[in-house]
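Before I ask anything, let me first share the structure, which is written out below as structure tokens.
For the single chain, residues carry numbers from 1 onward in sequence order.
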Amino acid sequence: MSSNSTFGKSLQFITSIKLQELEKQRSAYQEHLHKSLQKAKSIDDPKRRAEHLLESVTSWKGSGATDETDNIGEGSLNLSNLKMWLLMCDNDPSFSKDKVRQWNELLEEHLQRNSLRFDCAKLFGEMLNEWIGSGDSATAAYQDTAQPSARAEASDAFIDVGRKELHEQREKFESLVFKEEKTDAKALKTFLESLFSDKQGTTALQEIRDAIKEGADEIRETEFTAYTVKATINNLVASDPLNEDQQATLKSFSDNTMILEELAGVLNMRLASIGSWTWPKEGIPVEMRRHLNGKYRFHTDPDTVDAILLHHLGISWQIKFKAACRKLYMSKAWKKLVPPILSVERERYQEQLPHENANISIDARRNARIVSSFFLSQLADSINDVNDYDGDSGEEYGQKAGDGKRDLLHMMLAECYFHTAVDKSFAIIRSDLEWFGPSIPHDTILTVLEFFGVPDDWLGFFKTFLHAPLYFKGEPDNVRIRQRGTPIGYSLSTICGEAILFAMDLVVNQKTGGCFLYRIHDDIFLWDAKPERCATGWAEMQKFASLTGLTFNMSKTGSAVVGDGDTTGLPAGDVRWGFLLFDPSKVRFVIDQKDIDLHISELRRQLNATKSVFGWVNVLNKYMAFFLRNFGGAPTYAFGREHVMDVIETFTRIQRELFPEHELGAAGYLRAVIKKKWEVDGLPLGYFYLPVEQGGLGLRNPMFEAFTSLCSFEDDPENEHDEDRRDPQELFKNLIEEDADKFEEARDKWTHEYNRNQRKFDTFFTLGQYTSFREHLLTTWGAAYGDMFTERTTFNVKETPSLLAKLLNSTSFSSEWNRLDWYRKWVISVYGEDLVRKFGGFEIVDSKLIPIGMVKLFKDSRIKLDQ
């Protein structure tokens, strides 16, 4: 958020007022506490002292006020009860002096704890102010609040650190986007037409073209309304391609009906003249943003109205294009490796194998996953289908892409285990396209769009969109027209890229006789039981790339063969994803520890570059989430127990190497920093892990994430296939051994239980025929395949009576244990006792005094990485 942002300044002003009020109340309470305790010391009679302390507790009406009916002392003493007991004290001999002294201790402890909570609230405020002025977040970097020396220091760090990578990537970007790359449009068209040469293909292509032309007309004729403008804004904000100023502006628009209606009118005028739409002549600025994976992205921010218009058009085109191409996938023109069951076979298995179900077979489950997760997965199905285009999550194409990539890994492992068991071989190719977005020749984009039926007037619009006038921030006099590539973060860019990659999908499918190219945007996997099919697919992909002016990134390209199989024609290199390396000898992914070493060094540098505690926590949390995602995220059973143990051991190593001098890891480091900066000591561990809304630091413990996954792979006496579940590689091997018994069982049932007069067939399937149904009929095999994708279960932390009693006395947490999410349960269970012992409950500060708006910004902010 820039320093001149009205929204940012307003939020900062509110924060300042709240923190001032907090300090006033803290000072007033300290005076109240001092007077109360001084007077208590002068009262010798325990009962009279208790009455005085009770009055001191209930007379305070500021933050942390205690009602006469409240409980104190970790819920052990009710104040209304105490008031009655004190009245009885003089007359009832059962109330001993020792009991009254206990009440005094609880009341004094309560008063002291409230003081401690005020001290922690002051500490929270100081850390919040430190963060606001630090520049540690792109959201909270209000540079006008920083001292000149701090701004200079930050500027120097930007120049000195990472300069080589920044300039190298800028030079590469400029060498691509400002240099036209001509391709042979005629040769590309001829090649594409050859894919639809037969009767089925010709019919399918015409259906696609008709659907796209119809969709183009609908996009032009559908007018904006206040509703569609709001829906587009909400989608655009959720997609997160814009800077913070534009985000704030759009959010304010979405709640104002009058503005939405005015915007609809303006947008309809622009849509009516879409053929003459242009970028601003003065150009649009390019901003380089560094991401957690170390790469820079070159973002451009259009004006607000154009941002809405372009996003609406991009999503609309995505919906139309995906729907048209799905018709091709569902047609006979799209080749399938597993052929459909002939009608005569269907009659026979319905009679002889009535308990089997093709709808839940391996092939049925595979096709369902392809359609839902991998077929043009980056294109929207509706206006509510959001993609995080920014990629701050560490994924190149955002969170949706990250989820898809993890699904892809699960799919690959399931297919690998199945084919290795049944076919004794499995081959994998992994690749991506080098600088795909910035490098696509505009001729290629327009040729492919034209081939699939995009009308001429819309082709003109796409050409204008692609030829954007650009200048780097700070260089407004150096405007150049883009000659190549698509701008990152635009939904229109996604449709341009996916149209080309869909053509590659089609090439692989047709030339290999039915292979499916699994990919998330240009992140590509190709696999099959037969290595020669993969080799054919790879050769065709390279041919297609040469025709379209694209280049494969050979540093990210590799292959692996499990079991028998020839590697001829497969690309050299390893199969990698994130920090995972596929090991053919172990038939699973292992964590590449050398890659982890590099990222530990980078994380250490980023942590050292922060200038605030909150900024430090934010960086660590997001890096730990980045690590977890690139370890494969929440594992399904396909990953197996060994993988989870690898994750746990790697997180242990990361913590030890980052914090070698602190036994308690990140929390120990923060405890030392707070003691040094603010002279506050003795904070319990729970303080660091408690959510920011409760006054904690919101530190995320990655070990909780790892260990809660482990329980999915532990012994389960109620699961007869427990060993299979713990070792997924054995699952399909065991089914092979069971097939003969199941075949005999099915044949006996048909022979002895089925009425001979109703039979259409004289003989039962042979064992060979029966086992040939493994992929497209046998239910046990389909169920085993489905098990591979079963999400891990979280460890069910058991509540204790003591813990529940403490929860009842905390307004920050639900009193119902089952309403808490699994992570909150872990935090409370592990650290809750210490929090209650120190603060009397799970509330460290009064939530009314926390600047909630700024806290939300802290949680949602992009970290400002040291460049």
Side-chain angles (χ1 to χ4, degrees), residues 74 617-618 620-629 631-636 639 641 643-656 658-659 662-671 683-716 790-844 847 855 858-859:
E74 302 174 24
V617 170
N618 210 356
L620 185 66
N621 281 351
K622 292 191 175 181
Y623 259 95
M624 289 301 164
F626 171 72
F627 278 122
L628 188 65
R629 280 193 301 275
F631 293 156
T636 62
F639 269 109
R641 188 178 189 277
H643 173 78
V644 179
M645 292 306 300
D646 284 353
V647 171
I648 290 170
E649 290 168 9
T650 303
F651 270 131
T652 301
R653 182 167 83 85
I654 291 170
Q655 292 270 350
R656 285 176 178 166
L658 282 175
F659 314 110
H662 301 278
E663 284 187 10
L664 298 174
Y669 170 84
L670 287 171
R671 184 181 273 175
L683 292 170
L685 279 177
Y687 168 81
F688 302 97
Y689 294 101
L690 205 64
V692 178
E693 295 91 328
Q694 273 75 53
L697 294 188
L699 188 66
R700 192 87 176 176
N701 190 337
M703 283 300 190
F704 288 2
E705 308 271 3
F707 272 94
T708 197
S709 299
L710 190 62
C711 73
S712 297
F713 303 95
E714 294 305 296
D715 292 334
D716 182 0
T790 304
E791 290 287 343
R792 60 93 172 101
T793 55
T794 56
F795 177 72
N796 187 22
V797 177
K798 305 297 190 298
E799 71 274 25
T800 64
S802 172
L803 200 58
L804 287 180
K806 293 173 176 63
L807 277 172
L808 286 168
N809 289 286
S810 174
T811 58
S812 297
F813 292 94
S814 167
S815 60
E816 294 187 30
W817 175 260
N818 291 332
R819 291 186 182 180
L820 298 177
D821 63 63
W822 75 267
Y823 186 83
R824 195 69 62 89
K825 288 179 181 178
W826 277 66
V827 170
I828 294 174
S829 298
V830 175
Y831 304 116
E833 293 291 342
D834 290 338
L835 284 169
V836 173
R837 199 175 297 118
K838 188 76 173 179
F839 300 105
F842 300 113
E843 301 166 299
I844 293 179
S847 59
V855 168
F858 165 68
K859 293 180 70 179

Legend entry - Any side-chain heavy-atom pair of Phe639 and Val644 under 4.5 Å: no
Inset, instruction - Over 60° means perpendicular and under 30° means parallel, so classify the ring planes of Trp826 and Trp822, tilted if in between. - result: perpendicular
Legend entry - Interatomic spacing from CD in Gln694 to CZ in Arg824 - rounded to 0.5 Å: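 Separation between the atoms: 5.5 Å.
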Legend entry - Main-chain N/O of Asn796 paired with Lys798 side-chain donor or acceptor, under 3.5 Å: yes
Legend entry - Student check: side-chain heavy atoms of Asn701 and Met624 closer than 4.5 Å: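 Sidechains of Met624 and Asn701: no contact.
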Legend entry - Within residues 699-711 or reaching into it, pairs that qualify as salt bridge (Lys or Arg N to Asp or Glu O under 4.0 Å) - sequence neighbours excluded: Arg700-Glu705
Legend entry - Rounded distance (nearest 0.5 Å) linking atom CD1 of Ile828 with atom CG of Leu820: 5.0 Å
Inset, instruction - Any chance you could lay out the side-chain contact (heavy atoms from CB on, under 4.5 Å) test for Arg671 and Phe688, step after step, and finish with the verdict? - result: CA-CA 8 Å; Arg671 184 181 273 175; Phe688 302 97; 3.7 Å; yes
Legend entry - Closest contact, heavy atoms only, Ala706 versus Ile648: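 Residues Ala706 and Ile648, closest heavy atoms: CB-CG1, 3.6 Å.
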Legend entry - Closest non-hydrogen atom pair, Phe842 against Gly832: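 Phe842 and Gly832 have their closest heavy atoms at CE2-CA, 3.5 Å.
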Legend entry - Derivation and outcome, ring pair (Phe, Tyr, Trp, His ring centres under 6.0 Å), residues Phe704 and Tyr823: CA-CA 7 Å; Phe704 288 2; Tyr823 186 83; 5.6 Å; yes
Inset, instruction - Evaluate the side-chain proximity of Leu699 to Leu620: yes if any heavy-atom separation is below 4.5 Å, no if none is. - result: yes
Inset, instruction - Could you tell me whether the side chain of His643 and the main chain of Phe631 form a donor-acceptor pair under 3.5 Å? - result: yes
Inset, instruction - Measure the CZ-CG distance between Phe659 and Leu664 for me, rounded to the nearest 0.5 Å. - result: 11.5 Å
Inset, instruction - Please tell me if the side chains of His662 and Gln655 come closer than 4.5 Å, counting only heavy atoms from C-beta onward. - result: no
Inset, instruction - Working to the nearest 0.5 Å, report the span between CG of Leu658 and CZ of Arg653. - result: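 Atom-to-atom, Leu658:CG and Arg653:CZ are 10.0 Å apart.
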Inset, instruction - Assess the pair Tyr831 and Tyr687: is the distance between their ring centroids shorter than 6.0 Å? - result: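 No; Tyr687 has its ring centre 6.0 Å or more from that of Tyr831.
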Legend entry - Straight-line distance of Leu835 CG to Ile844 CD1, nearest 0.5 Å: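 If we round to the nearest 0.5 Å, Leu835:CG and Ile844:CD1 are 5.5 Å apart.
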Inset, instruction - Check for a donor-acceptor pair, side chain of Asp834 on one end and backbone N or O of Leu685 on the other, with a separation under 3.5 Å. - result: no
Legend entry - Nearest-0.5 Å distance, CZ of residue Phe795 to OG of residue Ser829: 9.0 Å
